[in-house]
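Input: a single structure, listed below in structure tokens.
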Amino acid sequence: MLQDRDSSAPSKSLANSAWREYHEFTKHSAASLRRTPHALDWANMPDPFRHYEGVPVFDLPADPLLSEQPAADGSTYLSQLLFYSAAISASKLVPSTGFRYALRVNPSSGNLHPTEFHFVTRGLKDWPDGLYHYRPSSHMAEQRAIGDFRHITNSDAPIVFILTSIAWREAWKYRDRAYRYCLHDIGHAWQALALAAQAMGCDSRAIVDFPDDEIAQAMRLNEDEWPMLVVEIRGAACKPNAHETVWYGGTANQLSKEIVPYPCIEAIHAATKLLVNSTIGQAPTGSGEIKLPPPAQSSRPFGEIVRTRRSALDFVGGTQSISLPQLSALLTPAAPLLSFIQLYLYVHRVDGLEQGVYRFWPQYGELQLVKVGDQRLAAAGLSLGQDLAGNACVAFSMIGDLNRAARAHGDRGYRHVHFEAGAIGQRLYLGAEALGLGATGIGAFYDEEVHRYLRVTPEQGQVVYHFAIGYPIPDPRLQA
Ligand SMILES: Cc1cc2nc3c(=O)[nH]c(=O)nc-3n(C[C@H](O)[C@H](O)[C@H](O)COP(=O)(O)O)c2cc1C
């Protein structure tokens, strides 16, 4: 059932430069947080697991080993891909209530998991061509239809993922700002998939531009699910089978008693459906006085890294530092993704670097010191007072060039920038885990305060994501 919401959302639709209006409206400030306190309606919390009821369901082989080549049979191949990108990997137990909840390979703001993984397969061995939805709660594939579904994405790859967002899951907690987090989440999920595919010797390609409504219709998506990103995976042997199309469809489970509408989210989503493509423009280039050394190496296997990755609740403040080669190992894998995002680092404890704020210049792998001094209070304060950004060894502000993205892609550019931020976040998470460190994505920050502190001009960009990396404190609630 749809319900009226009671907060101060703008009643008008977002018309001109919708991204700007949405972004401004969802900025955090001390005043905005005071103005709109929010009590969570636990009885109406959305189910983090979607099921399409009434369709054939296939077990994916449990605990598949990750091999450097994809398994020959379709079900093991799919199991490998999903086990190392989207499956449940741990749980937490709340001692006071006995409540246990699942954690997944891909992170998600508030662990609310707005992202759903759908996929089209074609020609996999012993696996019927068709359209499937991944059921992470039991590591199974729901077969929504069999047949040739190349037309949905115009791709002939053997596996094509369509990542969707259920914004309500996120809006339940984060209200209007939730759309930003849905986009970050998609960026994380994209990289989770892409890196799992790469570990298996497969290529992947993300497709950001597609006709949203046509895809949603062709997939017979439930109305609360929106297609956000298409990811092609190539590398498996593919021998197309001939199948007549048969639709099972299935009935999507209801996620909560009521869905509270957020017109502002509906409006930004509608605005970002329009496809505009012009020249992307140049990312700024520059240099710094500190050249990063070769990255520190890790011998931890990829499968172990992704399955043990967790968000740190907080970090050990103390004196323990990371080395410059470790910092290089965190930044180097993120560099190729940096197109609209500029990385600013709040360096608290990195051997060989004085405390301060640095800008990372990816082209030559250099750091530029832009502010000197202890940044611990500033980093935590700017991250809505979250201690973890001060106790980390290094914290980050990701500055997104939203103007350039809008010039290149219209309002849809807003999606691009946030996908990129989430994707960089995913690489930072895995880089940290590989080095035996911990990491946490931080979606909550005082937007304008960050701009003022870093002296970022509106032409340069706006903060879109924060991040922190350090030595994690153990979480007693965590169960393997
Ligand atoms: C986009 C995004 C924003 C997040 N923001 C915060 C945050 O502001 N503070 C925090 O402590 N954790 C934050 N997290 C971490 C999530 O709470 C965490 O991913 C989630 O609880 C699931 O735990 P896991 O990462 O260990 O699987 C964020 C994660 C993502 C992906």
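Both ligands and their constituent atoms are indexed starting at 1 by order of listing.
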Residues in ring pair (Phe, Tyr, Trp, His ring centres under 6.0 Å) with H269, at least two apart?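 If we apply the ring pair (Phe, Tyr, Trp, His ring centres under 6.0 Å) test to H269, skipping adjacent residues, the hits are Y179, W226.
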Protein residues having a heavy atom less than 4.0 Å from any atom of ligand 1: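 Protein residues near ligand 1 are L103, R104, P107, S108, S109, G110, N111, H184, H188, R309, R310, S311, Q386, Y429, T440, G441, I442, G443, A444, Y465.
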Do NZ/NE/NH1/NH2 and the carboxylate oxygens of E142 and R135 come within less than 4.0 Å?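 So E142 pairs with R135 through a salt bridge.
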On the 0 to 90° scale, with breaks at 30° and 60°, tag the Y134-H139 ring pair as parallel, tilted or perpendicular.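 Y134 vs H139 ring planes: perpendicular.
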Would you sort out whether D185 and R169 count as a salt bridge (charged side-chain N to carboxylate O under 4.0 Å, His left out), showing the intermediate values? CA-CA 12 Å; D185 239 81; R169 280 212 186 108; over 6 Å; no
Is it the case that R175 places NZ or CZ above or below the six-membered ring of F25, under 6.0 angstrom from the centre and within 45 degrees of the axis?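 Not satisfied by the 6.0 Å and 45° rule.
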Against the six-membered ring of Y453, is K371 placed for a cation-pi contact (under 6.0 Å from the centre, within 45° of the normal)?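 Relative to the ring axis of Y453, which defines the angle, K371 lies inside both limits.
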